[in-house]
There are 2 protein chains.
Amino acid sequence: MTHPFTCGLDAVLFVMGSKWKPLIVYHLAHRTLRYGELRRSVGKVSDKVLAQQLKELVADGIVARRDFRQIPPHVEYSLTPFGSSLSQALTQLCEWGTHHAAELAEIAERSASGTKGEPVTSAQ
Amino acid sequence: MTHPFTCGLDAVLFVMGSKWKPLIVYHLAHRTLRYGELRRSVGKVSDKVLAQQLKELVADGIVARRDFRQIPPHVEYSLTPFGSSLSQALTQLCEWGTHHAAELAEIAERSASGTKGEPVTSAQ
DNA sequence: CGGCATCCTAAAAGATACTG
DNA sequence: CAGTATCTTTTAGGATGCCG
């Protein structure tokens, strides 16, 4: 048991398998950010979700949280060395996405127009 | 509009952002597989989910489907060149996961035992 | 054998309101 | 400012059964 991981990939997915985590790591890879900055960077994410995923990332040793214990609050997030190595492993994937952004955008549009109403029925 | 991609990463997540797709791509990276082989390789995945994700991957130009049009059916899946390049971009991440499998397994155990208050009561 | 249709559950995500 | 609590919505995933 317990690493039910069939390959390194689902091991990764275990810690990164949620909508915003890769983005969080990506943004923190550039620099340390305060909570509010991070929220704005990541985009349209709610406090609940961001705080929750952040907490998990901290628990998983990927993100470090530094609380200045002030009023008003001041909390900074950054990557741990472990998280940093992860962010580097993401680089290749990120570059692939950037490189194929055009194709991916087309794909996105295509599935956006026919996802529910019409299954993609690739008659092939 | 429509590539609301803030970086290459969510572009990738758009096509790979589901539980089994990375694994499917991973297994097909080794060799062409028949539907049944793939299902067994991937692990505990239902037909509905596998077929669905496979269809999306085909629609997205990542996986190629070859139907021999026979009875009994014989269908083979393989990566397209596009999918192949994606699988290579996943390599680094996969290696990271493999390399850190031990830490990740610990993390998995920890979150399994004490994440919220009590574990996911999934008797499974 | 390789699916697809239906139904169902669990988990993720989101909106909103409120607090130290 | 940085969250937490609560509720609702959305989505993914799974079990089963049928059909070509």
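Chain identifiers are assigned alphabetically (A, B, ...) following the order of the sequence lines, protein sequences preceding nucleic acid strands; residue numbering begins at 1 within each chain.
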Problem set entry | Side-chain heavy atoms of A:Phe82 within contact of B:Ile107, under 4.5 Å | yes

Run the salt bridge (charged side-chain N to carboxylate O under 4.0 Å, His left out) test against [X] and tell me which residues pass, sequence neighbours left out.
X        : answer
A:Arg39  : A:Asp47
B:Arg69  : none
A:Glu106 : none
B:Glu103 : none

Problem set entry | Under-4.0 Å side-chain N/O to phosphate OP1/OP2 contact, B:Arg69 with C:dG2 | no

Exercise. Do any side-chain nitrogens or oxygens of B:Tyr77 fall under 4.0 Å of OP1 or OP2 in C:dC1?
Worked result: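 No, no such contact exists.
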
Who are the side-chain contact (heavy atoms from CB on, under 4.5 Å) partners of [X], not counting sequence neighbours?
X       : value
A:Leu38 : A:Ile24, A:His27, A:Leu28, A:Leu33, A:Val42, A:Leu50, A:Leu54
B:Val75 : B:Arg65, B:Asp67, B:Tyr77
B:His74 : B:Arg34, B:Phe68, B:Gln70, B:Glu76

Exercise. Residues from residues 24-41 of chain B sitting under 4.0 Å of DNA chain C, heavy atoms only?
Worked result: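 Close to the strand are B:Arg34, B:Tyr35, B:Gly36.
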
In whole angstroms, how far is the [atom2] atom of [N] from the [atom1] atom of [X]?
X       : N      : atom1 : atom2 : result
A:Phe68 : D:dG3  : CZ    : C1'   : 17 Å
A:Asp10 : D:dG13 : CG    : P     : 13 Å
B:Leu57 : C:dG3  : CG    : C1'   : 16 Å
A:Gln70 : D:dG3  : CD    : P     : 13 Å
B:Glu56 : C:dC4  : CD    : P     : 12 Å
B:Leu50 : D:dA15 : CG    : P     : 13 Å

For this session: Report which part of the nucleic acid A:Lys55 touches: base, sugar-phosphate, or nothing (heavy-atom distance under 4.0 Å, all strands).
Result: sugar-phosphate

Problem set entry | Terminal helix-axis angle for the helix from C:dC1-D:dG20 to C:dG20-D:dC1, with five pairs defining each axis and rounding to 10 degrees | 50°

For this session: Please list all pairs passing the side-chain hydrogen bond (donor to acceptor under 3.5 Å, both in side chains) test where one or both residues lie in residues 78-93 of chain A, with sequence neighbours left out.
Result: A:Ser85-B:Trp96

For this session: Assign a letter to each nucleotide of nucleotides 13-20 of chain C from its 5' end: B, base within under 4.0 Å of a protein heavy atom; S, sugar-phosphate only; -, no contact.
Result: BBB----B

For this session: Only counting residues at least two apart or in another chain, list the ones meeting side-chain hydrogen bond (donor to acceptor under 3.5 Å, both in side chains) with A:Arg40.
Result: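 Partners of A:Arg40 under the side-chain hydrogen bond (donor to acceptor under 3.5 Å, both in side chains) test: none.
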
Exercise. To the nearest 0.5 Å, how far apart are NZ in B:Lys21 and CG in B:Asp60?
Worked result: 6.0 Å

